[in-house]
Engineer: 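Let me give you the structure first, and then I'll get to my questions.
We name chains A, B, ... by the order of the sequence lines, and we start the count at 1 in each one.
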Amino acid sequence: MEISKQNYLDYLNKNQKEAIIGLDGPCLIVAGAGSGKTKVLTSRVVHIIKQKKAWPNQILCVTFTNKAAKEMQNRVLKLLNQKTKSLPWLGTFHSVSAKILRKHAQAVDLNSRFTIIDQEDQLRLIKNICKAENFDIKKISPQFILSLINQWKNKGLLPRNVVTKKGLPLEKAILNVYKFYQERLKILNSCDFGDLILLCVKMFENNPDILELYHNNFKYILVDEYQDSNYIQSKWLNLLAKKNNNICCVGDDDQSIYSWRGAEIKNFLDFSKIYKNTKIIKLEQNYRSTQNILSAASELISNNKDRMGKKLWTDSKDGELVKLTCYKNGKEEATGVSDIIESKLKKKYSLNNIAILVRAIFQTREFEERFLKIGMGYRVVGGTKFYERAEIKDSVAFLRIVNQKNDDLAFERIINVPKRSIGDGALKQFHEWGRKNKKSLENSAVELLQLDKIKPKTKLGLLKILNLFNKWRSDLKKKKHYELMEIILDESGYSKMLKGKKDLESEGRLENLKELIKGMRDFDNLQSFLEHVALATSIDQDWNGQKVNLMTMHGAKGLEFDAVFLPGWEEGLFPHQKSLEEKGDLALEEERRLAYVGVTRAKKESFISFAMNRLYRGDWVDSLASRFINELPEKNIKKEDQIESSNEDLFFNQDIDYSEGIRSPGWARLQKKNLKRIK
DNA sequence: TAACAACGCTTTTTT
DNA sequence: AGCGTTGTTA
């Protein structure tokens, strides 16, 4: 007993121990990259349980990603020696909120079987509203409306709370769309991602009795990656922590890279102002990287002004210098990288421990082509999302409409798939009827059928599919959800449709559907499966075999690899042009933090590179080395030039004043393009 | 209604 | 360059 109690505290340094032992009161842990953040968090959970301060179900532990939640779940359970089966309240902000909302759905005017819609559905809904309200899409794109609505939600604003600025008549129009959008969501018995948090907060504010239930239950609250929280999420925590005040947040201001979705570092920096008597603990010893890598990263991030200030140190060896290479073009960059892996790294490391981290996911393509050519195994992490594939979304839409009659977005998606003569005309009829009578599409269709207002050919197809819906609904009571999926794919004609198309793609789709049905077995019932689909987006990655990892820097946060490649460090690509245009210096600092995240993923070796020329959207673009390259400390870097020409030094010694317009053909072209887009 | 052509937008990052 | 959306025609 005594031994196992010691176990989880043994291999911790002084600060880490301190971060774990004081359990009561607010606590902010500033944890640098590779400083054992997850270890501290998991140990703290274990400590709470072993000290009998709370039962596992009395601990609320929130993360931002499913990956992080799963990782923590596994690590905690391992430390607890499987005495505990699970921590029910360990999950993402969104999944925990959904769980709470389903318990009290009526309090926010929903049915507990409400559907959680994703971005694609959000967009469709907005488009539908714009169409119905004769809102000019050419003037303002639905995308823009969507982003504004999401921003409002992140700030905790429902339509009635939004105050539009006087000089912006368009904003008022968008607010109007927002109003319709929320109304429509209610009728559809649906929530978007933002609603999950926002409605939860509103519910707590309006129903003190419900909030009290959770006050009584959650003895301790722990939060991972707190620097990525937005206003409404911090509010959510604030409400839940109010009574016990036992809230412990872990984060790193230097790794805040999600401001574009509303994250405010302010939450992190002002934590001690909001929570009185906060204990602040800094974890500054890095256990991951060599001295050279750590120095390069530290020097780079020191160019940011808006920091809490940390001094990461390590007692590991200098290791290899960080390699910096200039390639002629993107293709040669891919070739160069694969050559290095082939000739030097393959012997030393497992391919699984090698990663190529890019700014934007499309950059992986060049590497994929190369790896396919030379037959090197690779996996794209986070790229193709399983649940976002068309055939998967179609199948899930069938399940959604079976589960929840008011799910118009699901209805619309599959009502004419495969083709059953229910075209735009009929759909428009349903929409109009539904809007006039505040009915869902399915109910509208039923009523219109009864009134005999549907064209004969359409009527035939419609009757058939509506009857099928009802049959499947009764099947659901008798059959397992995965059996139902097979029945649906068969009876709807969906499988037949795919089998009929004899191309390679359709075969792949059929494979995916098999995979889907297999995956469904992991869930107890339809409801929990649908919840997973809505919040998870990706099926478990295959970590089998030896493969190089390709992913974005955003996606790599929290991971580490022996060797890391960071290609494409070029102005316009990284730092990214669009982000600079939108937010200027603030965005530049965020891009720099992203660079910091990238570099600090490496344990032993890191390779930064850029290309002079790149094929971008069909034409060749000349490019400049990223300004971040000049910010790397000379003494930790080794330049490896791939260019034979004599002006090579030019590319390493570009002394450019970025505050003024930059003049290179590629830059000019980029600017012209952007201008064109604005017009 | 369905098939085909033309157009324009995309590719920053995600629950 | 490639895809999805929109417009035109059978």
Engineer: A:Ala360 has a side chain; which of B:dT15, B:dT1, B:dT13 sits nearest to it?
Structural biologist: B:dT13

Engineer: Is A:Trp260 stacked against the base of B:dT13, taking the criterion as centroid distance under 5.5 angstrom and interplanar angle under 30°?
Structural biologist: yes

Engineer: Round to a whole Å and report the spacing from CG of A:Asp121 to P of B:dT15.
Structural biologist: 16 Å

Engineer: Looking at residues at least two apart in the chain, or sitting in another chain, which of them share a side chain to side chain donor-acceptor pair (under 3.5 Å) with A:Glu570?
Structural biologist: A:Arg614

Engineer: Measure the distance from CG on A:Leu123 to P on C:dG4 and round it to the nearest whole Å.
Structural biologist: 14 Å

Engineer: Mind checking if A:Gly425 touches a base, just sugar-phosphate, or nothing, with heavy atoms under 4.0 Å?
Structural biologist: sugar-phosphate

Engineer: Whole angstroms only, please: what is the CD1-P distance between A:Ile361 and B:dT11?
Structural biologist: 12 Å

Engineer: Please determine, for the side chain of A:Thr552, which listed nucleotide (B:dA2, B:dT13, B:dT15) has the closest atom?
Structural biologist: B:dT13

Engineer: If you find the nucleotide of DNA chain B closest to A:Lys419 and the one closest to A:His576, which residue's nucleotide is nearer the 5' end?
Structural biologist: A:Lys419

Engineer: For A:Phe93, answer base if it contacts any base atom (sugar-phosphate contacts may also be present), sugar-phosphate if it contacts only those atoms, and nothing otherwise; contact means non-hydrogen atoms under 4.0 Å.
Structural biologist: nothing

Engineer: Taking CG from A:Asn150 and P from B:dT13, how many angstroms apart are they, rounded to a whole number?
Structural biologist: 16 Å

Engineer: Take atom NZ of A:Lys557 and atom P of B:dT13, then tell me their distance rounded to the nearest Å.
Structural biologist: 16 Å

Engineer: Reckon A:Lys457 touches a base, only the sugar-phosphate, or nothing at all at heavy-atom distances under 4.0 Å?
Structural biologist: nothing

Engineer: Base, sugar-phosphate, or nothing for A:Phe362, non-hydrogen atoms under 4.0 angstrom?
Structural biologist: base

Engineer: Quiz question: by atom type and distance under 3.5 Å, do the side chains of A:Tyr494 and A:Asp394 form a donor-acceptor pair?
Structural biologist: yes

Engineer: Nearest to the A:Thr458 side chain among B:dT14, B:dT1, B:dT15, which nucleotide is it?
Structural biologist: B:dT1

Engineer: When we call it a touch if two heavy atoms are under 4.0 Å apart, what does A:His94 touch: a base, just sugar-phosphate, or nothing?
Structural biologist: base

Engineer: Just checking A:Gln119: base, sugar-phosphate only, or nothing, at a heavy-atom cut-off of under 4.0 Å?
Structural biologist: base

Engineer: Does A:Asn267 use its side chain to pair, donor to acceptor, with the backbone of A:Ser234 at less than 3.5 Å?
Structural biologist: no

Engineer: In terms of relative ring orientation, are A:His94 and A:Phe193 parallel, tilted or perpendicular, with 30° and 60° separating the classes?
Structural biologist: perpendicular

Engineer: For A:Arg261, give me all partners under salt bridge (Lys or Arg N to Asp or Glu O under 4.0 Å), at least two apart in sequence or on another chain.
Structural biologist: none

Engineer: Could you check how far OH of A:Tyr596 sits from P of B:dT13, rounded to whole Å?
Structural biologist: 23 Å

Engineer: What is the distance, rounded to the nearest whole Å, between atom CD of A:Glu590 and atom C1' of B:dT14?
Structural biologist: 13 Å

Engineer: Base, sugar-phosphate alone, or nothing: which one does A:Asn416 contact when heavy atoms must sit under 4.0 Å apart?
Structural biologist: sugar-phosphate

Engineer: Of all the choices, B:dT14, C:dG2, B:dT1, which nucleotide is nearest to the side chain of A:Arg365 once you look at every atom?
Structural biologist: C:dG2

Engineer: Would A:Phe64 and A:Phe93 count as a close aromatic pair, with their ring centres under 6.0 Å?
Structural biologist: yes

Engineer: Rounded to whole angstroms, how far apart are OH on A:Tyr387 and P on B:dT14?
Structural biologist: 18 Å

